[in-house]
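Below is one structure, written out as structure tokens; comments come after it.
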Amino acid sequence: MADPLSVTAVIIAVIQLTSTVGDLCFDYRKAVKGAAKDAARITNEVDELRSVLKDLLSIAEEEEEAGTHRLVALSKLTQPGGSLEKCREELNVLKIRLEPKYGSLHMKSSLTWPFKAGEIETALNGLNTLKSTLQLAMTADSAKSIFRVEDSMGRLEIWTQKLKMSDAQRALFEWLRAPDPSVNHHTARHKYEPGTGEWLLHSDGFKDWLKYKKMFLWIYGLPGSGKTILASTIISHVKQICQRQGSQHLLYFYFTFNDQRKRDMDGVLRSLLAQIVASRTVLPEQIKQLYDSNNKGQQQPDLASLRSTLLSVLETSDTYLVLDAADECLERAGLLELINDVKDNCPNVNILITSRREVDLEENFQGESKSMICIEDDVVSHDIQLHVQSQLKSDKQLQRWPEDLKAEVEAALVLGAKGMFRWVACQLDVLRDCLKPKLIRKKLGDLPKNLNETYDRILRSVPEPHLDDVHRALQWLIFSQRPMTLTELAEAVAVSVDEECFDVKDRFTSPFDILRLCASLVNLQGAEIDQEGKAIENEARAIGLAHYSVAEYLISDHIRNSEVKSFAVTPQKAHEYMAKSSLLYLESFDKNNSLYGSVHDDFPFLIYAARNWLDHFRAVLQPSKRLLESGCSFLQDASRPAYLNWLKLYDKNMGVDITPSGLYFACESGLPQLSKLLLDNGADANAQGDYFGNALQIAAALGHIDTVRLLLDRGADVNASGGEYGTALQAAACHQYIDIVQFLLDRGADVNAQEGRHVNALQAAVYKRSVDMIRLLLDRGADVTAQSWKSGNALQAAIEVGSIDIVRLLVDRGANVNAQEEYEGSALASAALRNEFEIAHFLLDRGADVNAQVCYGTALQAAIHFNRTEMAQFLLDRGADVNAQGPHGTALEMAESSGNIHLKRLLSGRGADDTGGCASMSI
């Protein structure tokens, strides 16, 4: 068996190979036209593989340091034929293929992309399989390692699920890009105290909820009353029931105040659909249709589509649905609408909600008085007592106290808690730091009355030299775009906006100093413990506010009128500070060699700053002159190293043929004031960008009408072509911004320009099923008969999306029902091959020629080509010639070649001539 040292040596060698392959791909993207897309795909796969390898390396190094030999699975991977060896071989093959035989990668004339069609897929599939094997090995070995990382359990659970999924499941699961609630669940279970929550599981209301169909249950309580831990108990209990019975399903979601993706409707809908995909052996047709309707997963679904798909699946599902902390959802009206629709239309779905007793929730559920459970003081006091007893027994510091003192502490905390676990946790943190019984008893005699008073005392104890540090940290923790790691936060706090600089000498000596300064207001997310149950510090873990009540306190009227008002936080000031801090940090990387190999380890705030500063800038409704000038200074010179380094960090797949201007990104973010300042400083309104072609197109695609108006006023060409959508008009039409389409037309946009993904604006509107947009474009002169090389005409696009209403509208406005295009032929043939009976009936009623010859022969032969038996019968009833000749013979010959006995019987019964024999060409 290989020892850990040999394992780490192999892993390091493979990691080095991934870097080499990645660098070669990057050079090809710069040097060879047409290589960017395939090279980017290889780069992405190699980057993901490198990430897995680094995780494996961490485990191997920890085992080596501990002097153990527990890496059984990983040791096997290093043997001949093992996955690590295969991985090294695969990467070596890629390296050899990518290394130029002559000259260098910078000599374009000597280079061609070395892969043929199909070879890329083979290489990527091989790397993906190896990556999955390594992930599984890491999952197995983590379980044997001396380290147990609770907040990674959700991630490991997802990996294991994905390895068990079919290819179709995996494709849908990854396409949904759903936030993972299992991380929250495992974190809550780690905090669970055995014996607590039993009162709920044995209550009549909960038993009824489990027993009867279409039951609703709302559990509400005060802030800090332990609702999330209670929800995790419910979820674990229901999960066991579903596993035993097999016929029922569990879906759950934790709304989370410190994670933006877990606070909105998009996140909860994606998560619930992803859980359905992962747990069903037979994929629901509704989800597959959603995937297909979004260009086979090349596009993302909108909120309405996600919502309707989920409701459609739940209508026929026997499901328990548990939603924790509904009051923390930012889109409560949408959430309540979803809950009510599930209650009304899904007869086998039982819903359980936990939340505070908010007015809108109570008004919505007021008719459900028998389905409400309040977490009252007397109900939860026993659970709080169990929690305090457990802490006094297990905590290293508290367990040393004499028994009489422990009894006093227990009695005082249970009495003062008033049902709030959160209050108890804060008091235990304070008492833990008291080293003498006399001081402990003094604290017990002066306990704060509520959470606000508790938080006041915590902030009053912050040392004066660190007041700014704590204030900065709290702003990041409330308004960061995603959860930050401890090292990211510590680095961000080191940036001084007042002094306009980032100085490494202003860092903390240890990132854990943030935890000590902020005391009970923050904690590391999840829990990391060793085999003996002892906590382990890990600076790579996410840090967050300890409770939602902390965020509420910091933005409340209470703190603004208190002794600690200097810690008060407002969204506008916070986002301005965060945008400015990020810019100052990025300004520090103003050399060509700034992004060296280990830069992310040395400067952990770099990725966050690069990818989120524009989001913080956009959140500032009235940016100060100082912030605008900082943004302009950073974006106005696209040749500056700091700008180019930021681009590499902002989007690793950014095209390299053209470096997008800073104006392009200001317009992408919908920042008209910053865009104006850039234009005032000489920015070209027509400069080419990246995916969207130019600034006008991206502003139109993302609905930023003020920016669109500004660009046109400053000389942008309204009909400039390029990018994914060809023109700004098509981009706006595709994304259904009717006000921008109207404005662009008023400013001279060519309504019939043929460019981009959907060829013209009318077809873009048809593909999005936007009837109002279609009417507007037709009223403004869109050619309803326009043909394109790519997708036929608007009528066939309407048939492709299956909309009879749009088909009627287009035909009423002059669409030719007998017009043909290269690939599918006539509109009737398009309807036939898609089994669109209502559309086919309408087209025939409006004069479609049932026997017109198309690429498949006739509409009847098109139906037979796709084995549409009922459609074939319908066309025969409407006069289709059963013996017409086509490119593949007669209809009967085609049916015989396909082996469809039902079609053969149908055609023979309708007078098909079988004297011609079998078709000469098989289909």
Side-chain angles (χ1 to χ4, degrees), residues 187-207 219-237 324-325 354-357 373-434 437 439-455 457-458 519-520 523 527 529 533 535 546-550:
T187 299
R189 293 315 287 158
H190 174 72
K191 296 178 180 178
Y192 166 74
E193 207 68 67
T196 60
E198 294 294 325
W199 62 270
L200 176 70
L201 300 183
H202 293 104
S203 67
D204 291 338
F206 183 73
K207 288 179 179 178
I219 300 173
Y220 61 89
L222 294 171
S225 58
K227 296 182 292 296
T228 293
I229 309 301
L230 195 59
S232 76
T233 300
I234 293 166
I235 290 166
S236 293
H237 185 73
D324 176 56
T354 73
S355 75
R356 301 181 187 189
R357 191 173 186 172
I373 296 178
C374 177
I375 306 175
E376 297 174 348
D377 296 0
D378 56 344
V379 174
V380 79
S381 62
H382 176 65
D383 285 355
I384 289 178
Q385 185 174 24
L386 288 175
H387 172 67
V388 173
Q389 290 173 349
S390 175
Q391 291 295 304
L392 292 171
K393 181 179 179 181
S394 61
D395 186 277
K396 185 186 297 186
Q397 180 70 21
L398 306 182
Q399 65 187 199
R400 297 199 297 253
W401 293 352
E403 293 303 316
D404 61 331
L405 181 60
K406 288 181 184 179
E408 289 180 47
V409 170
E410 178 185 329
L413 294 185
V414 172
L415 179 65
K418 297 182 176 61
M420 291 185 289
F421 280 88
R422 174 66 189 144
W423 181 89
V424 171
C426 292
Q427 310 320 316
L428 283 172
D429 284 343
V430 171
L431 295 173
R432 192 178 285 110
D433 292 332
C434 298
L439 183 56
I440 294 170
R441 289 187 170 96
K442 182 179 179 181
K443 292 288 186 184
L444 290 178
D446 185 32
L447 291 172
K449 297 180 178 61
N450 51 44
L451 282 178
N452 279 348
E453 190 174 324
T454 299
Y455 295 151
R457 293 188 185 187
I458 292 171
S520 300
N523 60 27
I529 57 173
H547 195 265
Y548 187 32
S549 59
V550 179

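Start at 1 with the first residue, then count along the sequence.
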Between [Y] and [X], is there a side-chain heavy-atom distance shorter than 4.5 Å?
X	Y	answer
Tyr548	Thr228	no
Leu431	Leu444	yes
His547	Asn523	no
Ile234	His237	no
Leu200	Val379	no
Leu201	Thr233	yes
Glu198	His202	yes
Ile375	Lys227	yes

Which pair of non-hydrogen atoms, one from [X] and one from [Y], has the smallest distance, and what is that distance?
X	Y	answer
Gln427	Leu413	CB-CD2, 3.7 Å
Ala188	Ile229	O-CD1, 3.6 Å
Pro448	Trp423	O-NE1, 3.1 Å
Met420	Pro223	CG-O, 3.4 Å
Gly419	Val380	CA-CG1, 3.5 Å
Ile373	Ser203	CD1-OG, 3.9 Å

*Between Val409 and Gln391, is a side-chain contact (heavy atoms from CB on, under 4.5 Å) present by the stated rule, with each step listed?*
CA-CA 11 Å; Val409 170; Gln391 291 295 304; over 6 Å; no
*For Asn450 and Glu453, run side-chain contact (heavy atoms from CB on, under 4.5 Å): C-alpha distance rounded to whole Å, both residues' side-chain angles, the deciding distance at 0.1 Å, then the answer.*
CA-CA 6 Å; Asn450 51 44; Glu453 190 174 324; 3.4 Å; yes
Rounded at 0.5 Å granularity, tell me how far [atom1] in [X] sits from [atom2] in [Y].
X	Y	atom1	atom2	answer
Tyr220	Thr354	OH	OG1	13.5 Å
Asp324	Ser232	CG	OG	8.5 Å
Cys434	Trp401	SG	CH2	7.0 Å
Asn452	Arg457	CG	CZ	12.5 Å

*asked:* Set out, in order, the CA-CA distance, both residues' side-chain angles and the distance that settles salt bridge (Lys or Arg N to Asp or Glu O under 4.0 Å) for Lys207 and Asp204, then state yes or no.
replied: CA-CA 5 Å; Lys207 288 179 179 178; Asp204 291 338; 5.1 Å; no
*Do Arg422 and Ser225 meet the criterion of a side-chain donor-acceptor pair at a distance under 3.5 Å?*
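No.
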So, [X] side chain and [Y] main chain: donor-acceptor pair closer than 3.5 Å or not?
X	Y	value
Asp383	Gly197	yes
Gln399	Leu392	no
Ser390	Leu386	no

*Can you list the residues that meet the ring-ring contact (aromatic ring centres under 6.0 Å, His included) rule with His387, with sequence neighbours excluded?*
Phe421
_Apply salt bridge (Lys or Arg N to Asp or Glu O under 4.0 Å) to residues Lys406 and Asp395 and explain how you reach the verdict._
CA-CA 12 Å; Lys406 288 181 184 179; Asp395 186 277; over 6 Å; no
